[in-house]
Amino acid sequence: MSDQTYYYELYRRSCIGVALMDSLDDMISKGSITPQLALKVLSNFDRSIAETLANRVKANFSFKGHLDTYRFCDDVWTFLVTDVTFKFPQKNKPTISTNKIKIVSCNSKKPGEE
Amino acid sequence: MSNQVVGEIYQRIIDDVINNSIIDFEEAGVNASTLQELKQVWQSKLTDLNVATFPWDPPSETVQASGSAPAPNSPTKVQNNNSQQQQQNTIKQEPGAQNPNPQTVNVGVRIKPEPGMEPQGVYAPPAQPTGNPTHNPALAEARARQNLAQKFGNTPQLARPAGGLVLPGLATNPQQRPNGQQSGIPQHDGGGEETIPIEGYGSISRSEADKILLRRISDAERESARATDELVKALMNLGHSSKSSKAKGRRRAQDPYEEALDPFNHYPHAAPVPTVLDVSNTPSPRPAPMGQVDGESGDEEVVDEDAINSDLDDPEDDEIDGEDDDEVPQIMLCMYDKVQRTKNKWKCVLKDGVLTINQTEYVFHKANGEYEW
């Protein structure tokens, strides 16, 4: 990790990450790939999703809610927010509400970066 | 934040990961077709989650079908579509490299790979975009033929294209009974007889008999594939079930893994080991350790005696987590720029995130959150 940029593994829990891990698991148990190769694919995924989200996505929004639990450990914020309402800058877009959501959030400044 | 761009963004990520993994696959000596298979399985699993509309979905239900995506039937147009997506790639693929063939776009149609391309010894079932893989008679026949070829050392090209089981060289197979009482596969030299006796069916015509046999073979194959699947699932569940079922207090009467190891239980295979292993002492057979960022890997949940059991361990928290295994969790994964608190008012600036709410996936560049505790 010292000579290359480090990427968070956080996004592996997203739908696309879970789908990838499932697929890799299947292929490992079938014997078509090795676990080592799967880990390489996952680290490629970590980089791809981080770069794609940073460079290709422009959307933004705001949200409000009631904070049920907060936690800050190892530079990771975890919030459990209830009764959340998401608002979009576009006027015509309806708001979205949900009764609870978990937010897992890593530091955007990577270690060593200031 | 938008759900429409999710499909495009995810397509880009998938292409990017696949392109970047080509070299890793080459270094590991794994066939590039395996990589394409990974891509298809990945896409179909994403489709199954049903959290967004993806470009690779069947165009009938997509919005962009009317706009950019052309009719799926014409192969040249599929190529076109494919090359458009290629052009969108941030990291371009050099033209000589493994090209993602049209089949990657047109997931619905599976093209059977050349038999020599498949890894020998490992029977790799084809990537199936839909849930039930076995309702395709052509596929079943192809499998049956492959199976026959493996069993009798014959190449599939030598088998008759009509699917008839004519293997003249095997007429002297010792397993064949001379009296017509068939226990296995009937061997005929293609002579004049129009009907052959099949157990349970009486005398029927050759083609019907072929069909019955093919069906039986594919049934048996399906059976064994399912048994293997179940065993694999049971093994994979072992790690999870021991913690989650303990934690949630709904342990099943007999674990599938134990069931498989039970010497008195002959389903689906004979017990592989004579003694029943102590499952709790067996190292978890999970194939690869996956990184968990916020410490929910579950390994620490196994030992309960040393738990602090403070109020913070309130089981209600788990309910709020909402991480039921059956449904997509409500979760936002992102980076934070700033988290501020004034008394009980919290403000945070989040960026580069993926958000799953109400079974819908969103991606965002920036989000402002305000909440009170």
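Everything numeric in this text was worked out from a predicted model, so none of it was measured. Below, chains carry the letters A, B, ... as their sequence lines are ordered, and counting in each starts from 1.
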Participant: Of the backbone (N, CA, C, O) and the side chain (C-beta and beyond), which part of A28(B) lies under 4.5 Å from a heavy atom of chain A, both, or neither?
Facilitator: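 Only the side chain of A28(B) comes within 4.5 Å of chain A.
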Participant: Could you tell me whether the side chain of Q330(B) reaches within less than 4.5 Å of the side chain of V84(A), counting heavy atoms only?
Facilitator: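 Counting from C-beta outward, V84(A) and Q330(B) never come under 4.5 Å.
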Participant: With a 4.5 Å heavy-atom cut-off, do C15(A) and L46(B) have their side chains touching?
Facilitator: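 C15(A) vs L46(B): side chains touch.
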Participant: Treating W42(B) as the side-chain partner and I16(A) as the backbone partner, does any N or O pair qualify as donor plus acceptor under 3.5 Å?
Facilitator: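 Indeed, once roles are kept as given, a pair shorter than 3.5 Å links the two residues.
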Participant: Given the options I9(B), T360(B), N344(B), which has more heavy-atom pairs under 4.5 Å with chain A than any of the others?
Facilitator: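 With the most close heavy-atom pairs to chain A, the winner is I9(B).
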Participant: Quick check on the interface: out of D46(A), D74(A), D22(A), who has the most heavy-atom pairs with chain B under 4.5 Å?
Facilitator: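 Highest number of heavy-atom pairs under 4.5 Å: D22(A).
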Participant: Whether the side chain of H66(A) engages the backbone of E372(B) through a donor-acceptor N/O pair (distance < 3.5 Å, no angle test) should be reported.
Facilitator: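 Side chain of H66(A) to backbone of E372(B): a pair is present.
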Participant: Less than 4.5 Å apart, any side-chain heavy atom of I101(A) and any of L355(B)?
Facilitator: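 They are in side-chain contact.
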Participant: Under 4.5 Å, counting heavy-atom pairs only, tell me which of S62(A), S14(A), S97(A), S23(A) racks up the most with chain B.
Facilitator: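 Most heavy-atom pairs within the cutoff with chain B belong to S23(A).
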Participant: According to the interplanar angle, ranging from 0 to 90°, do the rings of Y362(B) and F88(A) count as parallel (below 30°), tilted (30 to 60°) or perpendicular (above 60°)?
Facilitator: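 The rings of Y362(B) and F88(A) sit tilted, inter-plane angle from 30° to 60°.
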Participant: Do W346(B) and W77(A) touch side chain to side chain, with heavy atoms closer than 4.5 Å?
Facilitator: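 Answer yes - side chains close enough.
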Participant: Pair F79(A), V339(B) - check side-chain contact (heavy atoms from CB on, under 4.5 Å), show working.
Facilitator: CA-CA 11 Å; F79(A) 301 108; V339(B) 176; 3.9 Å; yes
Participant: Heavy atoms, side chains only, cut-off 4.5 Å: are K45(B) and D26(A) in contact?
Facilitator: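 Of all side-chain heavy-atom pairs linking D26(A) with K45(B), at least one is under 4.5 Å.
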Participant: Identify which part of L37(A) has an atom lying under 4.5 Å from any heavy atom of chain B, answering side chain, backbone, both or neither.
Facilitator: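 Side chain only.
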Participant: Between S105(A) and Y336(B) (side chain of the first, backbone of the second, donor and acceptor by atom type, cut-off under 3.5 Å), is there such a pair?
Facilitator: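 Looks like yes, one N/O pair under 3.5 Å.
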Participant: Evaluate the side-chain proximity of M335(B) to L10(A): yes if any heavy-atom separation is below 4.5 Å, no if none is.
Facilitator: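 A side-chain contact under 4.5 Å exists here.
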Participant: In terms of the angle between their ring planes, are F63(A) and Y371(B) parallel, tilted or perpendicular, with boundaries placed at 30° and 60°?
Facilitator: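 Rings of F63(A) and Y371(B): tilted, as their planes differ by 30° to 60°.
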Participant: Is any side-chain heavy atom of V41(A) closer than 4.5 Å to one of F25(B)?
Facilitator: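 Sidechains of V41(A) and F25(B): in contact.
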Participant: Using side-chain contact (heavy atoms from CB on, under 4.5 Å), reason through I103(A) and C334(B) one step at a time and then give a plain yes or no.
Facilitator: CA-CA 8 Å; I103(A) 302 174; C334(B) 54; 4.1 Å; yes
Participant: Are M27(A) and V41(B) packed together at the side-chain level, in the sense that at least one heavy-atom pair is separated by less than 4.5 angstrom?
Facilitator: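 With C-beta onward as the side chain, the pair stays apart.
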Participant: Quick check for you: among L38(B), V232(B), V51(B), which has the greatest number of heavy-atom pairs under 4.5 Å with chain A?
Facilitator: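 Of the candidates given, the most pairs with chain A belong to L38(B).
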Participant: Using non-hydrogen atoms only, which part of D337(B) is less than 4.5 Å away from chain A: side chain, backbone, both, or neither?
Facilitator: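 Both backbone and side chain of D337(B) come within 4.5 Å of chain A.
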